[in-house]
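Below is one structure, written out as structure tokens; the observations come after it.
Here the structure is a predicted model, which means the values were calculated and not measured. Throughout, protein chains are lettered first and strands after them, A, B, ... in sequence-line order, and every chain is numbered starting at 1.
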Number of protein chains: 2
Amino acid sequence: MVTIYDIAAKAGVSAMTVSRVINNTGKISDKTRAKVRRVMDELNYVPNHMARSLVLQQSNVLFLLITDITNPFYTTLARGAEDAAKKHGFRLLFGNSDESVDKEKDYIDTILATRADGVLVAPAGDLSLPHLETLRKHQVPFVLLDREVPGMDSDVVLGDSKENARKLVEHLTSHGHRRIALINGSPQISSARLRLEGYREALKLNDVLFDEKYVLETAFEPRSDLSEIERWFDRMDSLPTAIVAGNNVLAVEVIRTLHARGIQVPEEMSLVCFDDLGPFSEIDPFLTVIAQQAYQFGYLGTQMLIDRIQERGSADQPWKKVVLPADMIIRRSVATLDEK
Amino acid sequence: MVTIYDIAAKAGVSAMTVSRVINNTGKISDKTRAKVRRVMDELNYVPNHMARSLVLQQSNVLFLLITDITNPFYTTLARGAEDAAKKHGFRLLFGNSDESVDKEKDYIDTILATRADGVLVAPAGDLSLPHLETLRKHQVPFVLLDREVPGMDSDVVLGDSKENARKLVEHLTSHGHRRIALINGSPQISSARLRLEGYREALKLNDVLFDEKYVLETAFEPRSDLSEIERWFDRMDSLPTAIVAGNNVLAVEVIRTLHARGIQVPEEMSLVCFDDLGPFSEIDPFLTVIAQQAYQFGYLGTQMLIDRIQERGSADQPWKKVVLPADMIIRRSVATLDEK
DNA sequence: CTGTTAGCGCTTTCAA
DNA sequence: TTGAAAGCGCTAACAG
């Protein structure tokens, strides 16, 4: 491996001078600089970030921890984070927790051990609290994405889950639906809880009685075992006329289940959900959705994180909470009901 | 920051003993080990991977460079790589080159500077050659994924693009199609070239004359400017009856273009493509595709890479080339033609 | 079973 | 404008 000492020897200068050339610090004569540059090229020198980070006590690395790398909401978010990080000269590394608190724990350990300068986290759920406390204890700045965690104050970028749930439900009631189900993620996740709240409020506002049997709380990621959605349908005596899915992945699961039972959307069942399906929704623009600005979640979150990192030492700013609005994209997965 | 020296001092042992406890090396009395462990917990010690990598001259990090993080083929591949890396105790970091040779270059520099132990690359194209040569020069083991680069021998995991193109075309001819177009990625990419070859061979085998005007070579990622596909349609006097898309992203672009022109699939135009659309294809299982085993690309590639890393020093093995078979999933995007 | 020494590649501080 | 010394946190090699 070529080090600054190899360069120094061959260029007839000290290692310190090489370091100065690399980092453009201090005063160097043009001649020396040129010579050092030439030798660096000849020897194919590549700086060693680890050695550098070790002495500088900072890595210029940001870490993005998402919960589902196959979900276009998160990959689009990742693109936003990538662009923002690059713009500010940070490198961005990704991790994928698969909605698992345990895998998340492993990543937190890795993040700590690799001394990332900051972290963007879409927490797996409320049980992520200890992980966040660990980050806080080690003074690693972080920004929460898409979900909050009770008991932990921090910067956070959110959608307005409650409001959006209300919009979705009212879209359905305005088409004559009264028996509206909610197939939601785990109540251990703040966004799922708020979506349930919004759903209940919207029902009340529209004089529809809340019926517990129309709510299924499962996981935002499909479980591999026999589908809970399957079983939920099995025990349903009278089906709803419409379903709100807590996210895009659940919407797909619902559609599969409906297909398997020969139930047509929207003729026999209306369906709406949170989050669009990514580029592939274009194939058949079919599902009516709340389209959150995934890219902005990543971009803004990263900017907030970098602000926080660079603020180090200056007066502590209060925590920032950014709530990004979302549009409803109306397509054709909702039928209009005539019956009262 | 807590270091092994802090632990050592508080536990009344030397730093070396702490190091041994952390790494489970050497012989340590149970009593000492217990005490060191206790102090580590009390002080919330987190090992510093950078310091460790610096002395060990290895990082236990693998880097996966893909060309499109929003393409489910690559995210599924990433899941496979993740699982394989984890199984062997390596950490996996991702980068996204966006099909850009320049961004790829940046990542290669980062990879070199952070001293990853090995790299999995889906190269942006033939122009990636210098990047691979850089890796080779610095003795960083790498495995190519999904695409080869002329002039560079290495381990590689591929699909059988030629054979699969043939299957796709013959599926169309067997349904009576004779005017079959190919909308393909850049000829700078090996898989695109082979797909074109397979297409031509299949036409010949079925006594269909090759017609240049039915081939469009564009990019595997949609360009932001006015769609080339748009313009290609514009200058077409007699439309084909079927289209083979070089990958899933292009298929989506084709569908959008067709929709905009009010052309129905499959009634007025049949369409098939390479690579499935990920979980979301389930919503409307519509497109007939060659479904490559994306997960296996990542899993096997990672295993090959780790083999290569661990072989260090032992006799050089010849380069391995793994070709993964793919199944055609027949859905309903192909119409049967009666006309001869 | 445990400790001492030296050094991984780099930058900060101080001196020339 | 340049250099020498020290140290970031850790572990290999050797000594006890």
Side-chain angles (χ1 to χ4, degrees), chain A residues 1-37 39-40 43-61 109-117 138-140, chain B residues 1-37 39-40 43-61 109-117 138-139 313:
Chain A
M1 169 172 306
V2 180
T3 72
I4 53 171
Y5 286 94
D6 300 320
I7 312 284
K10 189 154 181 190
V13 298
S14 76
M16 203 45 235
T17 301
V18 178
S19 174
R20 290 198 179 97
V21 171
I22 294 171
N23 297 294
N24 265 310
T25 51
K27 300 280 171 197
I28 307 267
S29 76
D30 287 352
K31 217 176 62 185
T32 312
R33 194 199 324 278
K35 185 160 46 169
V36 171
R37 285 257 163 76
V39 176
M40 280 177 22
L43 264 38
N44 293 307
Y45 172 73
V46 176
N48 187 324
H49 278 343
M50 292 186 311
R52 189 162 198 279
S53 303
L54 191 60
V55 22
L56 257 28
Q57 299 285 56
Q58 60 160 42
S59 60
N60 249 268
V61 165
D109 289 344
T110 298
I111 288 165
L112 252 20
T114 54
R115 304 299 192 264
D117 289 343
H138 289 274
Q139 312 199 53
V140 180
Chain B
M1 170 173 304
V2 181
T3 72
I4 53 172
Y5 286 95
D6 301 319
I7 312 284
K10 190 153 179 189
V13 298
S14 76
M16 202 49 230
T17 301
V18 177
S19 173
R20 289 195 178 99
V21 171
I22 293 170
N23 297 294
N24 266 310
T25 51
K27 300 279 170 200
I28 307 268
S29 77
D30 288 349
K31 217 176 62 183
T32 313
R33 192 197 326 277
K35 185 162 45 171
V36 170
R37 285 257 163 77
V39 176
M40 279 177 21
L43 264 39
N44 294 307
Y45 172 74
V46 177
N48 186 323
H49 278 342
M50 292 185 311
R52 188 163 199 277
S53 303
L54 192 59
V55 22
L56 258 29
Q57 298 285 56
Q58 59 160 43
S59 59
N60 249 269
V61 165
D109 288 344
T110 298
I111 288 165
L112 252 19
T114 53
R115 303 298 192 262
D117 289 343
H138 289 274
Q139 312 201 52

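Residue Thr17(A) has no polar side-chain atom (N or O) positioned under 4.0 Å from OP1 or OP2 of dT2(D). Ser29(B) has a side-chain polar atom (N or O) that falls below the 4.0 Å cut-off from OP1 or OP2 of dT2(C). Remark: Ser53(B) is not in phosphate contact with dC10(D), judged by side-chain N or O atoms under 4.0 Å from OP1 or OP2. Here Gln57(A) reaches the OP1 or OP2 of dG9(D): one of its side-chain N or O atoms lies under 4.0 Å away. Taking 4.0 angstrom as the limit, Asn48(A) places none of its side-chain polar atoms (N or O) nearer than this to OP1 or OP2 of dC8(C).
One interatomic measurement links the two molecules: CG of Asn23(A) to P of dG9(C), which rounds to 17 Å at whole-angstrom precision. Per the geometry, CG belonging to Asp30(A) stands 12 Å off C1' belonging to dT1(D), to the nearest Å. Distance, Ile22(B) CD1 to dA12(D) C1': 15 Å, rounded to whole Å. One atom, CG of Asn60(B), and another, P of dT11(D), lie 12 Å apart when rounded to the nearest Å. With rounding to whole Å, Ile28(A) atom CD1 is found 13 Å from dT11(C) atom C1'. As rounded to whole Å, 12 Å separates atom P of dT11(D) from atom CG of Asn24(B). Atom NZ of Lys35(A) is separated from atom C1' of dT1(D) by 13 Å (rounded to the nearest Å). For the pair Met50(B) CE and dC10(D) P, the computed distance is 10 Å after rounding to whole Å.
Within 6.0 Å of CD on Gln57(B) lie more than 12 heavy atoms contributed by other residues, nucleotides or ligands.
The side chain of Leu54(B) approaches dG9(D) more closely than any other nucleotide in the set dC8(D), dC10(D), dG9(D). The Leu56(A) side chain lies nearest to dT11(C) when the options are dT11(C), dC10(C), dC8(D). Out of dT2(D), dC10(D), dG9(C), the shortest distance to the side chain of Ala51(B) is found at dC10(D).
Rounding to the nearest 0.5 Å places OG of Ser53(B) at 8.0 Å from CD of Gln58(B). The CG atom of Leu112(A) sits 10.0 Å away from atom NE2 of His49(B), with the distance rounded to the nearest 0.5 Å.
The base of dG3(D) lies close enough to the side chain of Arg20(A) for a donor and an acceptor atom to sit less than 3.5 Å apart.
Between Ala8(B) and Ser14(B), the shortest heavy-atom distance links the atoms CB-C, 3.6 Å. Of all the heavy atoms in Asp6(B) and Met1(B), the pair that sits closest is OD2-O, 3.5 Å.
Using a 4.5 Å heavy-atom cutoff, the side chains of Val61(B) and Asp117(B) are not in contact. For the pair Met40(A) and Val46(A), the minimum side-chain heavy-atom distance is 4.5 Å or more.
For residues 3-16 of chain B, proximity to DNA chain C is found at Val13(B), Ser14(B), Met16(B), defined as any non-hydrogen atom under 4.0 angstrom from a strand atom.
Looking at heavy-atom distances under 4.0 Å, Thr32(A) makes contact with sugar-phosphate atoms alone, never a base. Here Met1(A) lies in heavy-atom contact (under 4.0 Å) with sugar-phosphate atoms only.
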Stepwise side-chain contact (heavy atoms from CB on, under 4.5 Å) check, Met16(A) with Ser19(A): CA-CA 5 Å; Met16(A) 203 45 235; Ser19(A) 174; 4.0 Å; yes
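Terminal axes of the helix from dC1(C)-dG16(D) to dA16(C)-dT1(D) (five pairs each, C1' rotation axis) are separated by 40°, to the nearest 10°.
Applying the salt bridge (Lys or Arg N to Asp or Glu O under 4.0 Å) test to residues at least two apart or on different chains, the pairs with a partner in residues 10-29 of chain B are Lys10(B)-Glu42(B).
Here the options are Asn48(A), Val39(A), Ile7(A), Asn44(A), the test is side-chain contact (heavy atoms from CB on, under 4.5 Å), and the partner is Val2(A); only Ile7(A) passes.
Checking Arg33(A) against Val18(B), the closest nucleotide of DNA chain D that is more toward the 5' end is the one next to Arg33(A).
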